[in-house]
**Q** 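Here it is, the structure in full.
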Amino acid sequence: MAVVAQLSPSSYTETTRLSSSQLSLSSTHLSSLRRRAFRPIIRPRNPTISCSVNQVQAPVAVEQDDPKSKTNDCYGVFCLTYDLKAEEETKSWKKMVNIAVSGAAGMIANHLLFKLAAGEVLGPDQPIALKLLGSERSLQALEGVAMELEDSLFPLLREVKIGINPYELFEDAEWALLIGAKPRGPGMERAGLLDINGQIFAEQGKALNAVASRNVKVIVVGNPCNTNALICLKNAPSIPAKNFHALTRLDENRAKCQLALKAGVFYDKVSNMTIWGNHSTTQVPDFLNARINGLPVKEIIKDHKWLEEGFTETIQKRGGLLIKKWGRSSAASTAVSIVDAMKSLVTPTPEGDWFSSGVYTNGNPYGIAEDIVFSMPCRSKGDGDYELVKDVIFDDYLRKRIAKTEQELLAEKKCVAHLTGEGIAFCDLPEDTMLPGEM
């Protein structure tokens, strides 16, 4: 099968066909190419996969007599598989959606990308383009990811681009899944992690603001995800703050699982599960409003001491226990939770139910401090938007726990003031609240 390589030095953008003998590059040539940022590629009239699997010095393309009629060639199987105009079964397909993914060479993305390409999120009639953002160090791994996506022959996957420049990979993005972040190293304080990763998300926010769709939906996964999401939205003033989400869906899924196990039911019987606050050990899994078989959890699970103590601790330590058992962090379940989070925004929420997401607090009905990103219960009509749920109840225990996670997020906000345009940073975090498995 032929492979399309797109090479874009500063002076030109070209497409060429590679033979199998060209798939081996010298390390010297590859290193020099990694230093070049990928520039946007002129899209052909008939959509084709554009997969930067390997880069070589390309010859200058010969101009056609009539430049207006010039189109890029299609290559190999893609001429047959991805010609929208030629295939009857694709006539009902929707307009292509651009999905940007950072940290695209990592384990989470390795599980996620194939679910996206298979139509598990946006449906079987929704073609997509994947724009995969990595670093110079991960560029070769990105090429491998692109090759696997090519070899999978997903009919819905119209285009794959890889690169290291967010200003180019985020162009026209309608979804931005920001997974990439630096892990916490030995001896690193939480404040240090906030600053290092905050700089990454400040730059990505600026890139989204410059080139992404004005209605792009952003899901921040890289930790500390709540404050990273705040930094990102503050650096993207042209995009509605409501469009930014911090991923707390894995926490919600874990909470549903533990309640189901305790009640002796399957997890689909658990609904109305809320994770309040920060994605940290101060998070508040809300058993007061959750339901099992439509009834309040406290009516089904009589062990209230377990609900107040063991339940939350079990969820917080789940990631650490997984690492102990398996030797790696929760990549596959995190990818599933990203899929769940996206589907919750493009699928109408079942009547009476809701889902959790870390969202901007301005205008919230709960009395939570404004101008932070805080996980709260949401409902959606399936149009990509959401509204906060108003019919929730609080008791003293729940309010006390919510106040603690709120104070932590306010303290984190002060730590990154230099990245949100709010002055000089002052960091005084009272305790280390990183979740096990994120260090």
**Q** Could you walk me through whether Val336 and Leu112 satisfy the side-chain contact (heavy atoms from CB on, under 4.5 Å) test, starting with their C-alpha distance in whole Å, then the side-chain angles of each, then the deciding distance to 0.1 Å, before giving a yes or no?
**A** CA-CA 7 Å; Val336 170; Leu112 174 65; over 6 Å; no

**Q** Rounded to the nearest 0.5 Å, how far does CG of Leu149 lie from CG of Leu132?
**A** 6.5 Å

**Q** Taking Glu148's backbone N and O only, do any of them form a donor-acceptor pair with Ser152's side chain (distance below 3.5 Å, no angle check)?
**A** yes

**Q** Determine whether the side chains of Ser213 and Glu174 contain a donor N or O and an acceptor N or O closer than 3.5 Å.
**A** no

**Q** I need the Leu345 CG to Asp340 CG distance, nearest 0.5 Å.
**A** 11.5 Å

**Q** Donor-acceptor pair, distance only, cut-off 3.5 Å: does the side chain of Ser375 make one with the backbone of Ile275?
**A** yes

**Q** Locate the shortest heavy-atom distance separating Tyr366 from Pro377; write the atom from each residue and the value.
**A** OH-CG, 3.5 Å

**Q** Identify whether the distance between the nearest side-chain nitrogen and carboxylate oxygen of Glu412 and Lys414 falls below 4.0 Å.
**A** no

**Q** Side chains of His245 and Ser357: do they bring a donor and an acceptor to under 3.5 Å?
**A** yes

**Q** With rounding to the nearest 0.5 Å, note down the distance linking CG in Leu250 to OG1 in Thr334.
**A** 4.5 Å

**Q** Checking the side chain of Ser356 only, and the main-chain atoms of Glu252 only, is there a donor and an acceptor separated by less than 3.5 Å?
**A** no

**Q** Within the 4.5 Å heavy-atom criterion, are Arg318 and Gln316 side-chain neighbours or not?
**A** no

**Q** Is the shortest side-chain heavy-atom distance between Thr312 and Val284 below 4.5 Å?
**A** no

**Q** Checking Asn197 side chain against Lys182 main chain: does a donor-acceptor pair fall under 3.5 Å?
**A** yes

**Q** Are the side chain of Gln204 and the backbone N or O of Leu178 linked by a donor-acceptor pair below 3.5 Å?
**A** no

**Q** Please walk me through it: do Leu156 and Gln126 pass side-chain contact (heavy atoms from CB on, under 4.5 Å)?
**A** CA-CA 7 Å; Leu156 293 171; Gln126 179 60 72; 5.5 Å; no

**Q** Can you check whether Gly205's main-chain N or O pairs, donor with acceptor, with Asn209's side chain at less than 3.5 Å?
**A** no

**Q** How about Asp151 and Leu153: do any of their side-chain heavy atoms sit closer than 4.5 Å?
**A** no

**Q** Checking Trp354 against Thr274 for the side chain to side chain donor-acceptor pair (under 3.5 Å) test, could you report, in this order, the C-alpha distance in whole Å, the side-chain angles of both residues, the deciding distance, and whether it holds?
**A** CA-CA 8 Å; Trp354 58 70; Thr274 307; 2.7 Å; yes

**Q** With the side chain counted from C-beta on, respond yes when Ile128 and Arg158 share a heavy-atom pair under 4.5 Å apart, and no when they do not.
**A** no

**Q** Kindly indicate whether the side chain of Leu193, heavy atoms from C-beta on, has any atom under 4.5 Å from the side chain of Asp195.
**A** no

**Q** Under 3.5 Å, side chain of Asn226 to main-chain N/O of Ala229, donor-acceptor pair present?
**A** no

**Q** Any donor and acceptor pair, going by atom type alone, linking the side chain of Glu370 with main-chain N or O of Gly363 inside 3.5 Å?
**A** yes

**Q** Can Glu171 and Lys131 be counted as an ion pair, charged N to O under 4.0 angstrom?
**A** no

**Q** Does a salt bridge link Asp172 with Arg214, judged by any charged N lying under 4.0 Å from a carboxylate O?
**A** no

**Q** Considering only NZ, NE, NH1 and NH2 on the basic side and carboxylate oxygens on the acidic side, decide whether Lys234 and Asp371 come within less than 4.0 Å.
**A** yes

**Q** Show your reasoning for whether salt bridge (charged side-chain N to carboxylate O under 4.0 Å, His left out) applies to Lys217 and Asp385.
**A** CA-CA 9 Å; Lys217 303 297 186 292; Asp385 202 354; over 6 Å; no

**Q** What's the separation between atom OG1 in Thr281 and atom NZ in Lys317, rounded to the nearest 0.5 Å?
**A** 10.5 Å

**Q** Tell me, please, which residues at least two apart from Glu203 pass side chain to side chain donor-acceptor pair (under 3.5 Å).
**A** Tyr167

**Q** Of all the heavy-atom pairs spanning Glu406 and Ala369, show the shortest one and how long it is.
**A** OE2-N, 2.6 Å

**Q** Do Lys242 and Tyr386 form a cation-pi contact, if we require the NZ or CZ to be under 6.0 Å from the six-membered ring centre and within 45 degrees of the ring's axis?
**A** yes

**Q** Which residue in the set Thr282, Ile372, Thr361 passes side-chain contact (heavy atoms from CB on, under 4.5 Å) when paired with Leu409?
**A** Ile372

**Q** Just checking, any donor-acceptor pair under 3.5 angstrom between side chains of Asn278 and Gln283?
**A** no

**Q** How close do Ile179 and Val221 get, counting heavy atoms only, and between which atoms?
**A** CA-CB, 3.9 Å

**Q** Is Ser138 reaching over with its side chain to a backbone N or O of Ser135, donor-acceptor style, under 3.5 angstrom?
**A** yes

**Q** Side chains of Arg254 and Ser333 only: does a donor on one sit below 3.5 Å from an acceptor on the other?
**A** no

**Q** Can you tell me how far apart CD1 (Ile231) and CG (Leu419) are? Round to the nearest 0.5 Å.
**A** 5.0 Å

**Q** Side chains of Trp175 and Val216: does their closest heavy-atom pair fall under 4.5 Å?
**A** no

**Q** Is there a side-chain contact (heavy atoms from CB on, under 4.5 Å) between Thr347 and Ser344 once you walk through the steps?
**A** CA-CA 5 Å; Thr347 307; Ser344 289; over 6 Å; no

**Q** Between Asn228 (side chain) and Asn223 (backbone), is there a donor-acceptor pair under 3.5 Å?
**A** yes

**Q** Is it the case that Thr405 and Trp276 place a side-chain donor and acceptor less than 3.5 Å from each other?
**A** no

**Q** To the nearest 0.5 Å, tell me how far Thr420 OG1 sits from Asn235 CG.
**A** 8.0 Å

**Q** State, yes or no, whether a side-chain contact exists between Ser271 and Arg291 at a heavy-atom distance under 4.5 Å.
**A** yes

**Q** Report yes if some heavy atom in the side chain of His279 is under 4.5 Å from a heavy atom in the side chain of Leu247; otherwise report no.
**A** no

**Q** Assess the residue pair Asp251 and Thr248 against the criterion (side-chain contact (heavy atoms from CB on, under 4.5 Å)); give the C-alpha distance rounded to whole Å, side-chain angles, the decisive distance to 0.1 Å, and a yes or no.
**A** CA-CA 5 Å; Asp251 302 313; Thr248 57; 3.9 Å; yes

